[in-house]
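Comments concern the structure below.
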Amino acid sequence: MIADNVKVSLFGNISDGLYSAYVSTNGSGNQSAYVVTRKEVRDYFDGIVVAVAEFEGLAGARPIVSTYGEVFYEPELRRRLSKLKNIKLKHIRCLYEKSCGGIIFYKTRRNTKILLVKNNNGRYWSFPKGHIEEGETEQQTAIREIKEETGLDVTLVPGFREISEYSPFGKIRKRVVFFLARAFTDNVKIQEEEIDSYIWVDLQQARKLCSYDNDLRIIEKAELTIQFSKN
Ligand code: ATP
């Protein structure tokens, strides 16, 4: 159902940008849904399922639909759906995911090391990151996630913001925003529930250990920025 194109027929305005509706896919019957949008919408329009939600006391899962091109991440969908009267959200699965994280570097007198982590459900080296929460800026998410996963307090290098986009599974579309983050100690305390292991490596080793193309591109960008930074 997620990412399906649907025909939407509105039947009630619940609050700003939140409507109850019926939706149908090609040939299927009508199904109850909620519409979230930042746009003005007509009573009938073509939409896309941006999330699938389960609510306490309501049988089955309901599609959450928007207009094409609008991107909604989980915190905003939760906030908007909290406006439903007497209906409490139990579980939501979203089409768009957003995480933020950091390429953490530590300069010694001799060289610069960067931190790679292997998380518990993956078998590949990458950078600390995690999902954005309600009310956070991208930078705040990155700093919080780095602290939670590694115990490090970092300073973000102004001007560095790199985006990695991929599909973690199925039709889900994920955007990860990475900042360049300077650490002032290499004393890492990993969060064992999330992180399996960590390693400080120089940039050449990092290129060998990381396998995803978008990670490699970001390492290259980080290398250039670190080279040209004065101290
Ligand atoms: P988060 O740290 O944001 O909470 P997560 O640990 O839940 O994320 P990801 O690290 O995004 O999940 O990994 C989910 C899936 O996406 C894994 O199967 C992984 O192999 C794949 N993946 C991770 N990074 C990339 C990438 N840069 N390019 C393509 N696929 C990736």
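Atoms within a ligand are numbered from 1 in the order they appear, just like the ligands themselves.
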Nearest protein heavy-atom contact for atom 11 (O) of ligand 1: which residue, which atom, what distance?
Tyr166 OH, 2.5 Å
Nearest to atom 21 (C) of ligand 1, what protein heavy atom do you find, and at what distance?
Tyr212 OH, 3.6 Å
Think Arg38 forms a cation-pi with Phe72, using NZ or CZ under 6.0 Å from the six-ring centre and within 45 degrees of its axis?
yes
Go through ligand 1 atom by atom and flag the ones less than 4.0 Å from a non-hydrogen atom of Lys174.
1 (P), 3 (O), 5 (P), 8 (O), 9 (P), 11 (O), 12 (O)
Do the charged groups of Arg207 and Glu223 touch, with an N to O distance under 4.0 Å?
yes
Between the side chain of Asp4 and the main-chain N/O of Val6, is any donor-acceptor distance below 3.5 Å?
no
Can a salt bridge be assigned to the pair Glu56 and Lys90 using a cut-off of 4.0 Å between side-chain N and carboxylate O?
no
Identify the closest protein heavy atom to atom 17 (C) of ligand 1: which residue and atom is it, and at what distance?
Tyr124 OH, 4.1 Å
Are Glu74 and Lys98 within salt-bridge range, i.e. N to O under 4.0 Å?
no
Look at Glu165 together with Arg175 and state whether they make a salt bridge at an N to O cut-off of under 4.0 Å.
yes
Assign the ring pair Tyr106 / Trp200 to parallel, tilted or perpendicular, where the plane angle (0 to 90°) is split at 30° and 60°.
tilted
Identify, by atom number and element, the atoms of ligand 1 in contact range of Ser99, meaning under 4.0 Å from any of its heavy atoms.
1 (P), 3 (O)
Closer than 4.0 Å to some heavy atom of Asn119 - which atoms of ligand 1 meet that?
6 (O)
Among all protein heavy atoms in this structure, tell me which lies nearest to atom 2 (O) of ligand 1, with the distance rounded to 0.1 Å.
Lys129 NZ, 2.8 Å
Atom 14 (C) of ligand 1 [closest protein heavy-atom partner, distance rounded to 0.1 Å]:
Pro168 CB, 3.7 Å
Protein contact of atom 27 (N) of ligand 1 - nearest heavy atom, named by residue and atom, plus distance
Asn214 OD1, 2.7 Å
